[in-house]
K.L.:
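Have a look at this one.
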Amino acid sequence: MDSFLIFLHFLIFTLCTRVKSQSSLCRTSCGDTQIKYPFGIDDGCGSPYYRNILVCSESNHLQLRTPSGKYPVRRIDYSDPHILVTDPSMWNCQDGAHFRPPRPFSLDTSIHFSLSPQNDYLFFNCSEKDVIVEPKPVVCERYPDRCDSTCDSASYLCRHLPECAHALGGSTSCCSYYPKATESLRLMLKYCETYTSVYWRNLEESQTYNTAPEYGIRIDFDIPVTTRCLQCQDGSKGGGTCGFDVGTHGFSCLCDHGNVTTYCKDHSQHGKSNRVVAGENFVYRTFFFVIQLNFIHYSLIIISFRESMQRSSIVKEVYFDFTGTATAVSVAGAIGIGAGVWYFRKVKAQAPVTHGVQSNENRLF
């Protein structure tokens with residue numbers, strides 16, 4: 001019985017510690033990469049649209065999670081919203097004419113991500129029996145939709161590979177093609193030995209050329225902006241961090257003193273039950289579940305002891321006195337638990353509703 005009580009106390013302590021840790025502010029960097037809204041590397045931070053997308057490893061390296069795997073993040077640009085990632089399975093200058101089996105890159109476009117049109121894909125040693133490899137006519141620059149099925153063998157990038165123009169040698173063929181879907185990329189790799197991605201990086205306006213090729217995959221993203229998030233981030237209103245409740249995905253402004261649904265200096269929020277951290281309702285439910293387990297545990301002990309008394313030669317008067325006392329204790333315990341549940345439900349009912357009909361004040365951001 002003592003070990004069971006120790007377990008219950010440990011479980012309640014762990015849950016309370018979890019609540020406290022959720023109320024702290026979110027990490028703002030991973031390695032040299034700055035983490036800002038709409039992203040977060042801690043659950044409940046940023047926008048729920050990008051939940052669990054970025055992963056900060058134990059070695060402090062940032063990775064992007066996609067359906068095809070995890071990819072190192074080279075940088076995140078918030079002014080021109082995009083993420084630049086690298087795919088270790090793609091060809092690079094160090095490979096030269098030695099090709100490794102590639103892994104098709106895929107992206108979940110349902111989470112406000114899109115492959116940038118500034119990406120170019122180079123395919124090497126494609127089978128000309130299965131892939132149309134030929135120079136694209138000039139008309140393709142004006143009407144690119146008319147040349148979608150052609151892999152351009154006269155591509156500028158094939159003739160001027162970034163950082164290593166002569167790495168392939170004369171025996172390797174190269175053509176440029178932009179697959180519009182993951183399936184078309186898989187099909188291309190079925191008939192080509194490998195591929196790589198090059199994106200056109202924007203340079204400063206003072207440069208002679210405003211773009212330059214660079215290896216990597218550029219992924220564009222949207223920044224969902226709402227009035228509630230802007231108010232939360234406003235320094236004059238407390239300078240909080242935009243986040244969300246991990247259970248309901250409802251908006252939450254993360255402050256030093258806890259979480260609110262408006263902004264940190266909103267005094268009308270002080271003392272209300274909505275100043276709880278994400279997932280606290282789950283903790284309440286778990287807490288009452290533990291109490292019920294404790295009640296059941298003691299009830300089983302009483303029943304077991306009562307049955308043993310029935311089988312023994314103990315005087316019936318003592319037995320009836322004990323069972324009556326046990327019943328009274330059981331009823332009192334049930335009334336106490338019921339009162340506690342009623343009280344917390346009453347407190348919870350005072351919190352503002354953040355679901356149902358969506359508006360500017362409660363919609364997902």
K.L.:
Hey, could you give me the OG/NE2 distance between Ser47 and His249, rounded to the nearest 0.5 Å?
P.N.:
9.5 Å
K.L.:
Could you tell me whether Arg75 and Asp77 make a salt bridge, using a distance below 4.0 angstrom between a side-chain N and a carboxylate O?
P.N.:
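Looking at Arg75 and Asp77, the cut-off is not met.
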K.L.:
Ile53 versus Leu64: any side-chain heavy-atom pair under 4.5 Å?
P.N.:
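With C-beta onward as the side chain, the pair touches.
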K.L.:
So, Asp42 side chain and Cys45 main chain: donor-acceptor pair closer than 3.5 Å or not?
P.N.:
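No.
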K.L.:
Could you grab the distance from atom OG of Ser173 to atom CG of Asn125, nearest 0.5 Å is fine?
P.N.:
4.5 Å
K.L.:
Measuring from Ser116:OG to Ile83:CD1, what's the distance to the nearest 0.5 Å?
P.N.:
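Here the rounded value is 12.5 Å.
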K.L.:
Cys253 and Cys232: sulfurs closer than 2.5 Å?
P.N.:
yes
K.L.:
In this structure, is the centre-to-centre distance between the rings of Tyr121 and Tyr178 below 6.0 Å?
P.N.:
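So the answer is yes for these two rings.
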K.L.:
With salt bridge (Lys or Arg N to Asp or Glu O under 4.0 Å) as the rule and sequence neighbours excluded, what pairs involving residues 87-115 come up?
P.N.:
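Qualifying pairs, neighbours excluded: Asp87-Arg103, Asp95-Arg100.
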K.L.:
Below 6.0 angstrom between ring centroids: does that apply to His112 and Phe221?
P.N.:
no
K.L.:
Output the rest of the hydrophobic cluster of Phe124: all Ile, Leu, Val, Met, Phe, Trp and Tyr residues reachable through side-chain heavy-atom contacts under 4.5 Å, sorted by chain and number.
P.N.:
Trp91, Phe99, Leu122, Tyr156, Leu157, Leu161, Leu168, Val198, Trp200, Tyr215
K.L.:
Any chance you could measure Cys175, atom SG, to Glu128, atom CD, to the nearest 0.5 Å?
P.N.:
8.5 Å
K.L.:
Just how far is it from atom NE2 of His82 to atom CG of Asn119, taken to the nearest 0.5 Å?
P.N.:
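It is 10.0 Å, given to the nearest 0.5 Å.
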K.L.:
Would you kindly say whether Asp130 and Ser127 are connected by a side-chain donor-acceptor distance under 3.5 Å?
P.N.:
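There is such a pair between these side chains.
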K.L.:
Once you find the SG atom in Cys126 and the one in Cys151, is the distance between them below 2.5 Å?
P.N.:
no
K.L.:
Measure from the ring center of Phe39 to the ring center of Tyr50 and say whether it is less than 6.0 Å.
P.N.:
yes
K.L.:
Quick test of your reading: applying salt bridge (Lys or Arg N to Asp or Glu O under 4.0 Å), list the pairs with at least one residue in residues 46-69, sequence neighbours left out, ordered by first then second residue.
P.N.:
Asp43-Arg51
K.L.:
Testing the basics here: between Leu189 and Pro102, what is the closest heavy-atom pair and its distance to 0.1 Å?
P.N.:
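Taking every non-hydrogen atom into account, CD2-CG, 3.9 Å.
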K.L.:
Is the centre of the Tyr78 ring less than 6.0 Å from the centre of the Tyr37 ring?
P.N.:
no
K.L.:
SG of Cys174 to SG of Cys158, below 2.5 Å?
P.N.:
yes
K.L.:
Given salt bridge (charged side-chain N to carboxylate O under 4.0 Å, His left out), test Arg218 with Asp80 step by step and report yes or no.
P.N.:
CA-CA 11 Å; Arg218 170 173 167 150; Asp80 177 22; 3.2 Å; yes
K.L.:
Can any side-chain N or O of Asp222 pair as donor or acceptor with the backbone N or O of Pro224 at less than 3.5 Å?
P.N.:
no
K.L.:
Answer whether the closest heavy-atom distance between the side chains of Ser252 and Asn259 falls below 4.5 Å.
P.N.:
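In short, these two side chains touch, coming nearer than 4.5 Å.
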K.L.:
Nearest 0.5 angstrom please: Met188 CE to Tyr177 OH, how far?
P.N.:
6.5 Å
K.L.:
Quick one, Arg27 and Ile35 - any side-chain contact, counting heavy atoms below 4.5 Å?
P.N.:
no
K.L.:
Is any side-chain heavy atom of Cys26 closer than 4.5 Å to a side-chain heavy atom of Leu254?
P.N.:
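The answer is yes; the side chains approach within 4.5 Å.
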K.L.:
I want to know whether Phe105 and Tyr71 have ring centres closer than 6.0 Å.
P.N.:
yes
K.L.:
Donor-acceptor pair, Ser57 side chain versus His61 backbone, under 3.5 Å?
P.N.:
yes
K.L.:
Please name the pair of heavy atoms, one in Thr150 and one in Lys136, separated by the smallest distance, quoted to 0.1 Å.
P.N.:
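Heavy atoms of Thr150 and Lys136 come nearest at O-CE, 3.3 Å.
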